[in-house]
Amino acid sequence: MKSSEWRTINAMTDLITTLRGRGFLQDLTPGAEARLAAGPATGYVGFDPTADSLHVGNLVPIMGLAWLQRLGGTPIVLIGGGTGMVGDPGGKRTERPILPVETIDANVRAIEGQLRRFVAFDGPTAARVRNNADWLRPLALMDFLRDVGKHFTVNYMLQKESVKARMESGISFTEFSYMLTQAYDYWHLYHADGCELQMGGSDQWGNITAGIELIARRDGVQVHGVVFPLLTAASGAKFGKSEGGNVWLDPARTSPYEFHQFWLNTDDRDAERFLRLFTFLPLERIADAVRAQAADPAGRLAQRLLAREVTALVHGEEEAARAEGAAKSIFGGGEAADADYAALAATMPSCAIASSELDGLPLVDALMRAGLASSKGEARRGIEGRGYSINGVVETDVNRRLAPGDLRQGRYVLLRKGKKNHVMVEVGQHE
RNA sequence: GGUGGGGUGACCGAGUGGCUAAUGGUAGCAGACUGUAAAUCUGCCGGGCUCUGCCCUACGUAGGUUCGAAUCCUACCCCCACCA
């Protein structure tokens, strides 16, 4: 993000205006707008520590927090190290597995690191990280029942969509109680950090309002909530999936190249919406890009801009440029020039193979190693269906074996599945 | 606790003794067409192999009947509905 594009506006009233203008506002509690117009607030968003990395599906709330800070507020990142042990019934059709405590703790640390790319941890509105394990795990059951449970009727809880949706398939008492633990989080952050705003996906509405309810009852204070729309791609597919897997922020899970490709492949119908949600670009700049896109759809300028910006935001300018260069080299037509191979290897998914193994390695095995096939049978069928290529040349021989002659730059072989999935096989110097 | 219904591949959902690795739909993957888009059409879609074929695993779990079982029997586990 270029510094010229950062806009620092102090009036907090702009938060709602900005969020609304960019499509973040699904719903907000009565009074939220007036409160935010009155001055900067401290607000929080919770993240589940169910994996050791956040994924693009988490980006909307992350951007929400970032805007909060840019417009004068203090962001709190709440990591659910305690609630992660319970599991939110919202959006889930079935009971969630409960993760071991050690796993959750490790995930908490990883996620915290990733969020540092989006919010500043210094300055007068420095972001704070809180882990609800700190107050939820020591919490005694009797205290919880008295201090939190007493303020809610089961009738109220049954009204919540997240619970209603599970009345058919069943819901455990543990997950039923989830909203109370989240309500308690809000109450705790209100007291410990003066937090007056909670943001989250629209599936969090019930949990957020439960927290507001708790604070109103115990303290007679009105706090606020804002929820973001849940994203679906125009095609109806789940947002944030690619090749059947999540698109992660962790470069070790999703390479910068793949990350860039994910955004580049955005449906035309989603491009504008995504530019507003996932970049800090001024709305006028986005409108320009959309106009250019309409004039020349094949140029896909909006997607290019989106991919460039989001990749830079998550992985840095350098990685974004590298991913863009790799895309150009691979999709520019023809086989990539020899000299490009080393550069491609730096940003694309890759897999290492010992030099002693390469000669004579069956292609089907190489494809498995590269993760481009989940079984040899699948690899064989794919080859027969003209779905795989080596260094840009379609391979149709099921019994094909790799040979030193396949190496480019002495150590690279580019395997491709379909049009878009590439893995750079890199031969190790040793062994 | 009682009565009834049910547990099939990623999901939904057929299938009531051999022709069933199991109909159909969705999702996914690949091919064609394109703009690395959408829509459409085509193929694939449990795993392995010495691959016009062969072998293994699979229809909640464990046994049993049978030449042969997802299909029949027994026990157990789990889910749902109604009643208590």
Side-chain angles (χ1 to χ4, degrees), chain A residues 91-95 97 164-173 175 232-247 255-275 289-290 292-308 310-311 323-336 344 347-349 362-365 367-368 370-390 392-401 414-423:
Chain A
K92 308 286 186 305
R93 284 185 300 182
T94 51
E95 191 81 9
K164 270 190 196 165
R166 289 279 294 279
M167 291 311 282
E168 279 289 311
S169 60
I171 179 169
S172 68
F173 178 71
E175 289 198 8
T232 43
S235 60
K238 268 191 205 114
F239 170 75
K241 301 282 186 186
S242 163
E243 297 159 45
N246 274 321
V247 176
S255 75
Y257 171 79
E258 293 172 290
F259 188 85
H260 181 266
Q261 286 289 308
F262 167 75
W263 296 103
L264 197 59
N265 282 306
T266 299
D267 192 308
D268 285 3
R269 296 167 290 179
D270 293 321
E272 179 178 11
R273 191 161 52 115
F274 288 2
L275 277 166
V290 171
Q293 172 84 332
D296 172 26
R300 295 183 311 132
L301 296 171
Q303 280 92 332
R304 286 182 206 286
L305 180 64
L306 176 68
R308 175 63 187 241
V310 185
T311 307
E324 204 171 56
K328 207 166 290 175
S329 158
I330 286 176
F331 291 100
E335 186 183 345
L344 291 175
T347 187
M348 299 201 347
L363 177 60
V364 289
D365 289 323
L367 290 171
M368 293 255 307
L372 290 174
S374 57
S375 71
K376 290 185 186 180
E378 185 185 311
R380 288 197 185 92
R381 286 191 296 268
I383 291 169
E384 283 165 3
R386 299 180 60 80
Y388 290 102
S389 68
I390 301 173
V393 179
V394 173
E395 181 54 61
T396 54
D397 178 8
V398 178
N399 298 312
R400 174 74 144 84
R401 286 164 185 274
L414 183 59
L415 297 180
R416 192 183 80 190
K417 172 188 170 198
K419 210 178 298 185
K420 305 175 190 172
N421 308 294
H422 302 75
V423 170

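Fair warning: this is a prediction, and the values are worked out from it, not measured in the lab. Naming convention: chains lettered A, B, ... in sequence-line order (proteins, then strands); numbering from 1 in each chain.
- Within 4.0 Å (heavy atoms only), A:Gln261 reaches at least one base atom of the nucleic acid.
- Among the heavy atoms of the strands lying under 4.0 Å from A:Arg380 is at least one base atom, whether or not backbone atoms are also near.
- Using a 4.0 Å heavy-atom cutoff across all strands shown, A:Gly385 reaches sugar-phosphate atoms only and no base atom.
- When the C1' atom of B:A39 is taken as reference, atom CG of A:Asp268 falls 12 Å away, rounded to whole Å.
- A close approach under 4.0 Å does occur between a side-chain nitrogen or oxygen of A:Lys420 and OP1 or OP2 of B:A37.
- Contacts of A:Gln303 with the nucleic acid, taken as non-hydrogen atoms under 4.0 Å apart, include base atoms.
- Phosphate contact (OP1/OP2 of B:A37, side-chain N/O of A:Thr266, threshold under 4.0 Å): absent.
- The CZ-C1' distance, from A:Phe262 to B:U36, rounds to 14 Å in whole Å.
- Nearest to the side chain of A:Arg381, among B:C45, B:A30, B:U36, sits B:C45.
- The distance between atom OH of A:Tyr257 and atom C1' of B:U36, rounded to the nearest whole Å, is 8 Å.
- Nucleotides of RNA chain B nearest to A:Arg304 and A:Lys417 differ in position, and the one nearer the 5' end is that of A:Lys417.
- The shortest side-chain heavy-atom distance between A:Glu395 and A:Ser389 does not fall under the 4.5 Å cut-off.
- Separating the P atom of B:G25 from that of B:C41 is a span of 12 Å, rounded to the nearest Å.
- When each of A:Pro297 and A:Asp365 is assigned the nucleotide of RNA chain B with its nearest heavy atom, A:Pro297 is the one assigned upstream, toward the 5' end.
- The side chain of A:Asn421 places an N or O atom within less than 4.0 Å of a non-bridging phosphate oxygen (OP1 or OP2) of B:A30.
- At the heavy-atom level, A:Ala327 lies under 4.0 Å from base atoms of the strands shown.
- Contacts of A:Asp267 with the nucleic acid, taken as non-hydrogen atoms under 4.0 Å apart, involve only primed sugar atoms and P, OP1 or OP2.
- The nearest whole Å value for the distance from the CD atom in A:Glu378 to the C1' atom in B:A30 is 10 Å.
- Atom P of B:G48 sits at a distance of 31 Å from the matching atom of B:G64, rounded to the whole Å.
- Distance alone, capped at 3.5 Å, is enough to place a donor-acceptor pair between the A:Tyr388 side chain and the A:Leu372 backbone.
- B:A21 and B:U26 have their P atoms separated by 25 Å, given to the nearest Å.
- The separation of B:G15 from B:U71, taken at their P atoms, amounts to 15 Å, rounded to a whole angstrom.
- Between B:G1 and B:C12, the two C1' atoms lie 34 Å apart (nearest whole Å).
- Side-chain N/O atoms of A:Asp268 and A:Gln303 include a donor and acceptor closer than 3.5 Å.
- Side-chain contact, A:Glu258 with A:Ser255: a donor N or O sits under 3.5 Å from an acceptor N or O.
- Taking atom CZ on A:Arg269 and atom C1' on B:G35, their separation rounds to 14 Å, with Å as the unit.
- Separation of the P atoms belonging to B:C67 and B:C59 is 23 Å when rounded to the nearest angstrom.
- Between the P atoms of B:U42 and B:A58, the separation comes to 35 Å (whole Å).
- Atom CH2 in A:Trp263 sits roughly 20 Å away from atom C1' in B:G35 (whole-Å rounding).
- Note on A:Lys376: a side-chain N or O is less than 4.0 Å away from OP1 or OP2 of B:C49.
- For the pair A:Phe239 CZ and B:A27 P, the interatomic distance rounds to 19 Å; values are reported in whole Å.
- Comparing the C1' positions of B:G17 and B:C72 gives an interatomic distance of 7 Å, to the nearest angstrom.
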